[in-house]
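Worksheet: one structure, shown below.
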Amino acid sequence: MLDIRRIRQEPEELQRLLAKKGVEVDFGPLLDQDAKRRQLLTQMEQLKAERNRVSQEVARLKKEGQESQHLIEEMREVGDRIAAFESSVRQLDDDILRLLLTIPNPPLPDVPDGKTSEDNQEVRRWGAPRSFDFAPLPHWDLGEALKIIDFERARKISGARFAVLTGMGARLSRALIDFMLDHNRQRGYLEIAPPYLVNRDALIGTGQFPKFADDVFRVVPHELFLIPTAEVPLTNLHRDEILAEAALPIRYTGYTASFRAEAGAAGRDTRGIIRQHQFDKVELVQFVLPEESPDALERMVADAEHLLQLLGLPFRTVLLCGGDMGFAQAKTYDIEVWMPSYGRYVEISSCSNMGDFQARRANIRYRPSASKKTEFVHTLNGSALAVGRTIAALLENWQEPDGTVVLPEVLHPYLGGETRIVPT
RNA sequence: GGAGGGGUAGCGUAAUUGGUAACGCAGCGGUCUUGAAAACCGCCGCCCUAACAAGGCUUGCAGGUUCGAGUCCUGUCCCCUCCGCCA
C-alpha cells in the first residue's frame with residue numbers, strides 16, 4: 001500500500017514509476033477525498049475537544065451539587081453533530097482505503113523498462129543445457145512410464161490440474177522438501193510450519209486481496225482461504241506487531257502446499273506438473289531494515305540459486321522488467337531452470353523485494369533505536385524452491401536412454417541411499 | 001457443538017453508584033561513578049503536524065445507550081477450564 005502522504009507530495013513521480021508496470025493511475029479523486037477527510041477530521045476533533053471539556057465541567061458541577069442540565073442539553077446537540085462528522089469521516093476512510101488497496105507497488109528505480117517477459121534482463125547463467133544423444137522424454141511421459149506420477153487417477157478424484165505422486169515420486173518430493181528446508185536452515189532461516197488456511201486480513205496484508213481474490217480458493221461457509229503461497233502466513237506472522245530493531249533481520253523458511261485457482265491461465269502448461277491447482281513449495285521470507293532490503297534480495301536469490309547448483313540443474317536468473325512484475329513487488333528476480341521438454345528456461349523461483357508495501361498493509365513495524373517513531377520494515381519473499389517444477393526438471397535433465405533417472409548426490413541421504421529412479 | 005471463566009501499553013496487575021485509564025517490572029535516556037550496580041530524575045500505546053504547541057484516539061474487535069463507558073446493553077473474534085466429538 002502506498003503512503004498517502006507520499007501521494008500528496010510526489011504524485012507525478014509515483015505515476016511515472018507505476019507507468020513502468022503498465023498501470024495508469026489518476027490520483028485526483030483520491031487526493032480530493034483525502035483533503036476532505038482531513039478537513040472534516042479537524043472540525044470533528046474540535047467538537048470532541050469541546051465535549052470532553054464540558055463533560056468534565058458537568059462532573060465537577062454534579063459533585064458540587066450544582067445544576068448542569070443546560071450544559072447536558074447543549075452537549076446532546078454537539079454529540080449529534082459529532083456523530084454526523086464521524087459517519088462522513090468513516091465513509092471517506094473506507095473509500096480512501098479501498099482505493100489505496102488497489103494501487104500496485106511502484107517498482108524500484110533500477111527496475112528495467114519493458115512490457116513482457118521478452119524485456120526481462122538476464123543477469124546470470126549457470127550450467128549448460130545438456131545435449132541429448134537420444135530423444136529425451138517430457139516429464140509427464142517419464143513420470144507415467146516410471147509409475148511415479150498418476151494424472152488419470154488425480155483427474156478422477158479431484159479434476160484437471162492435479163497430480164498423484166506414487167512410490168519414488170512421493171519419496172522424491174518429500175526428499176526435496178527436506179533437503180531444501182535443511183539447506184535454508186543452514187543459511188540462517190528459521191523453519192516454520194504455518195497453517196494452510198488463512199483469514200481475509202492475511203490476504204489483504206500480503207496483497208492478494210482485494211484485487212486477486214479470484215485466484216484464491218475460498219472455503220465456504222467459513223470465510224477461510226487456502227494459501228496461494230506460504231508467503232501469506234509467513235509474512236502475516238508479524239502482522240500488527242512492532243518488532244525490536246535488534247531482532248532484525250528475521251528470516252523464515254517454510255514448506256507448505258500452495259493452492260491456486262489459476263483463473264485466467266486456461267490453456268497454459270496443461271500437460272505435466274508445471275502448473276497445478278495444488279503444489280508444494282518451500283518459501284523464504286525476510287523482514288529487514290529498509291536500507292538493507294536491496295542487499296537482502298541479492299542474498300536471497302543466491303540462496304535459491306545455490307539449491308539448483310547442488311541439484312545440478314542448469315538455470316538462468318533474470319531481472320523482471322516493470323511490465324512483467326506482480327502487483328505487490330518492488331523488484332523481482334526470477335530463477336528459471338532449463339526444461340528440455342519446453343526447450344527453454346522455465347520459472348522455478350521468484351524472489352522479490354516488496355519494500356514497505358506489505359508492511360504498510362499488514363502493519364509490520366519496528367522501532368529504530370535512534371528515534372521514538374516507529375517505521376515500517378521491508379519484507380522480501382522467494383521460492384526455494386517450487387517442488388513440483390524441481391521434480392519435473394530433475395526427471396527431464398537427468399534421464400538416461402534406458403528410461404531411468406539419475407538422482408543428484410545431495411538427495412541420496414534423503415532417499416535411503418537410492419541413486420536412481422528405475423521403472424517398477 | 002454445549003456450559004462456565006477471561007482479554008487493560010513488552011510482561012504482571014489496578015480503577016467507588018458510569019466522571020474521562022493508575023501502579024510495578026522490563027526497556028531507553030540522564031545525574032552520580034574509573035567502570036558497573038544501587039539510588040534519584042525523565043521517557044516509555046497510536047494518530048494528526050515538516051516539527052512544535054494544541055488536540056484527538058486507545059481497555060480484543062464492531063455497534064448501541066449516555067453530556068460522559070474499562071464499567072451498562074447487543075453482536076463478534078480469540079484464549080483458558082470442563083463436557084461432547086475427533087486424528
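Because the structure is predicted, anything quoted here is derived from the model rather than measured. Here is the naming used below: chain letters follow the sequence lines, and residue numbers restart at 1 for every chain.
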What does the list of N/O pairs under 3.5 Å between the protein and nucleotides 50-56 of chain B look like, with a distance for each?
residue	atom	partner	partner atom	Å
B:rG56	OP1	A:N52	ND2	3.0
B:rG56	O2'	A:E45	OE2	3.4

Counting just side-chain N and O atoms, does A:R76 come under 4.0 Å of either OP1 or OP2 of B:rC67?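 Answer yes for this pair, as a side-chain N or O of A:R76 is under 4.0 Å from OP1 or OP2.
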Between A:R51 and B:rG68, does any side-chain N or O lie under 4.0 Å from OP1 or OP2?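 The answer is yes; a side-chain N or O of A:R51 sits under 4.0 Å from OP1 or OP2.
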Which pairs of donor and acceptor atoms, one on a side chain in residues 83-92 of chain A, lie under 3.5 Å apart (sequence neighbours left out)?
residue	atom	partner	partner atom	Å
A:E86	OE2	A:K48	NZ	3.1
A:S88	OG	A:A84	O	3.1
A:Q91	NE2	A:D95	OD1	3.2

Side chain proximity check, A:Y252 to A:H238, heavy atoms < 4.5 angstrom: yes
Could you tell me which nucleotide pairs with B:rC61 by Watson-Crick or G-U wobble geometry, both distances under 3.5 Å, or answer none if nothing does?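 Because both required distances fall under 3.5 Å, B:rC61 counts as paired with B:rG75.
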Sorted by chain and number, sequence neighbours left out, side-chain contact (heavy atoms from CB on, under 4.5 Å) with A:D119 holds for A:K115, A:T116, A:C321
Start with the C-alpha gap between A:R6 and A:E10, add the side-chain angles, then the distance that decides, and say whether salt bridge (charged side-chain N to carboxylate O under 4.0 Å, His left out) holds. CA-CA 6 Å; A:R6 190 172 167 205; A:E10 43 174 35; 2.7 Å; yes
Answer with yes or no after comparing the ring centroid distance for A:Y196 and A:F217 against a 6.0 Å cut-off, counting only values under it.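 Ring-ring flag for A:Y196/A:F217: false, centres at least 6.0 Å apart.
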Check for me whether the distance between the ring centres of A:Y366 and A:F287 falls short of 6.0 Å. no
If you assign each of A:A59 and A:R38 to its closest nucleotide in RNA chain B, which residue comes earlier from the 5' end?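 Whichever sits nearer the 5' end wins; that is A:A59.
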Cut-off 3.5 Å, no hydrogens considered: what does the side-chain donor-acceptor table look like for residues 261-270 of chain A, sequence neighbours left out?
residue	atom	partner	partner atom	Å
A:E262	OE1	A:R275	NH1	3.3
A:D269	OD1	A:Y342	OH	2.8
A:D269	OD2	A:R275	NE	2.8
A:D269	OD2	A:R275	NH2	3.0

Please list, pair by pair, any protein nitrogen or oxygen found under 3.5 Å from a nitrogen or oxygen in nucleotides 75-78 of chain B.
none

A:R37 near the nucleic acid: base, sugar-phosphate alone, or nothing, with a heavy-atom cut-off under 4.0 Å?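 Here A:R37 touches no strand at all.
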Which residues in residues 190-202 of chain A have a heavy atom closer than 4.0 Å to any atom of RNA chain B? none
